> 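A single structure is presented below for examination.
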Amino acid sequence: MTNRLGSSNPNRIPKITKTKSKKINLDKEKDIKSLIKHALKAQSNSKSKYSNFAVGCSLLCEDGTIIYGTNIESAAYPSTLCAERVAIYSALSQGYSNFKAIAIVSDNAAKPCGSCRQIIYEYLGDIPIYISDSKGSKHSTHIIKDLLPYPFG
Ligand code: THU
């Protein structure tokens, strides 16, 4: 598929917003890795030609559905939206409100920005936050209380 600007992404997977995976059991390392792999797929769809910093996110819903998010940048810079909020807003828009985990990937395993931390706090609660680099080989695990110690609201 070619977009308005003439670029196409050969890695684009069909039905990007919804992947059902009831089998993900987060007690197992391999299942965490699998959620991270979904985030890597989302990252491959990043629209980040201004920053050249691609972020991918996969949000595991209570029923096993995985919602993807990637950062979308705009020539009108402030219109850019982070991968985490793209995934969370999409999930909420589709009626999901209970979540089990979120995985976030970027080249340097960056932690979420302040705005995303606020939205994670408000809408995801105490779920594990897996953060990995773009190799997906090693990750760290966080909870929002540690990333946003004195939350608003
Ligand atoms: N970005 C995210 O997607 N998530 C974050 O938590 C931090 C920053 C994106 C926004 C922008 O497209 C690029 O990374 C550089 O800031």
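Counting starts at 1 for both ligands and their atoms, following the listed order. What's counted below: heavy atoms across the whole structure, side chains too, no hydrogens, waters or symmetry copies. Keep in mind the model is a prediction, meaning the values are calculated, not measured.
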> Apply side chain to side chain donor-acceptor pair (under 3.5 Å) to residues Asn71 and Ser46 and explain how you reach the verdict.
CA-CA 6 Å; Asn71 54 328; Ser46 173; 2.7 Å; yes
> Given 3.5 Å as the limit, does a donor-acceptor pair link the side chain of Ser93 with the main chain of Tyr89, or not?
yes
> Can you sort out which atoms of ligand 1 are near Thr80, meaning under 4.0 Å from one of its heavy atoms?
11 (C), 12 (O)
> Looking only at protein heavy atoms, which one is nearest to atom 4 (N) of ligand 1, and what is the separation?
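Checking every protein heavy atom, the shortest distance to atom 4 (N) of ligand 1 gives Glu84 OE1, 2.8 Å.
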> Taking Ser106 for the side chain and Ala110 for the main chain, is one N or O donor matched with an acceptor at less than 3.5 Å?
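Yes: the side chain of Ser106 pairs with the backbone of Ala110.
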> Considering only non-hydrogen protein atoms, determine which one is nearest to atom 9 (C) of ligand 1 and report residue, atom name and distance to 0.1 Å.
Asn71 ND2, 3.6 Å
> Could you list which atoms of ligand 1 come closer than 4.0 Å to a heavy atom of Pro112?
6 (O)
> Heavy atoms only: which of Ser51, Ser46, Ser48, Ala87 lies closest to atom 15 (C) of ligand 1?
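Heavy atom nearest to atom 15 (C) of ligand 1 belongs to Ser51.
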> Quick one: do the Glu73 and Ser51 side chains pair a donor with an acceptor below 3.5 Å?
yes
> Would Asp107 and Ser134 count as having a side-chain donor-acceptor pair, cut-off 3.5 Å?
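Yes, side-chain donor-acceptor contact under 3.5 Å.
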> Out of Cys82, Gly114, Cys57, whose heavy atom sits nearest atom 10 (C) of ligand 1?
Cys82
> To check your reading of the model: name the closest protein heavy atom to atom 14 (O) of ligand 1, its residue, and the distance in Å.
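Here the nearest protein heavy atom works out to Phe53 CD2, 3.5 Å.
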> Among all protein non-hydrogen atoms, which one is nearest to atom 12 (O) of ligand 1, and what is the separation to 0.1 Å?
Glu73 OE2, 2.5 Å
> What's the shortest distance from atom 3 (O) of ligand 1 to any protein heavy atom, and which residue and atom give it?
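Ranking protein heavy atoms by distance from atom 3 (O) of ligand 1, first comes Ala83 N, 2.9 Å.
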> Would you say Lys41 and Tyr68 make side-chain contact, with heavy atoms under 4.5 Å?
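Yes; the side chains approach each other to less than 4.5 Å.
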> Please identify each residue that fulfils salt bridge (charged side-chain N to carboxylate O under 4.0 Å, His left out) with Glu29, with sequence neighbours left out.
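Testing Glu29 for salt bridge (charged side-chain N to carboxylate O under 4.0 Å, His left out), a comparison that skips the adjacent residues, returns Lys33.
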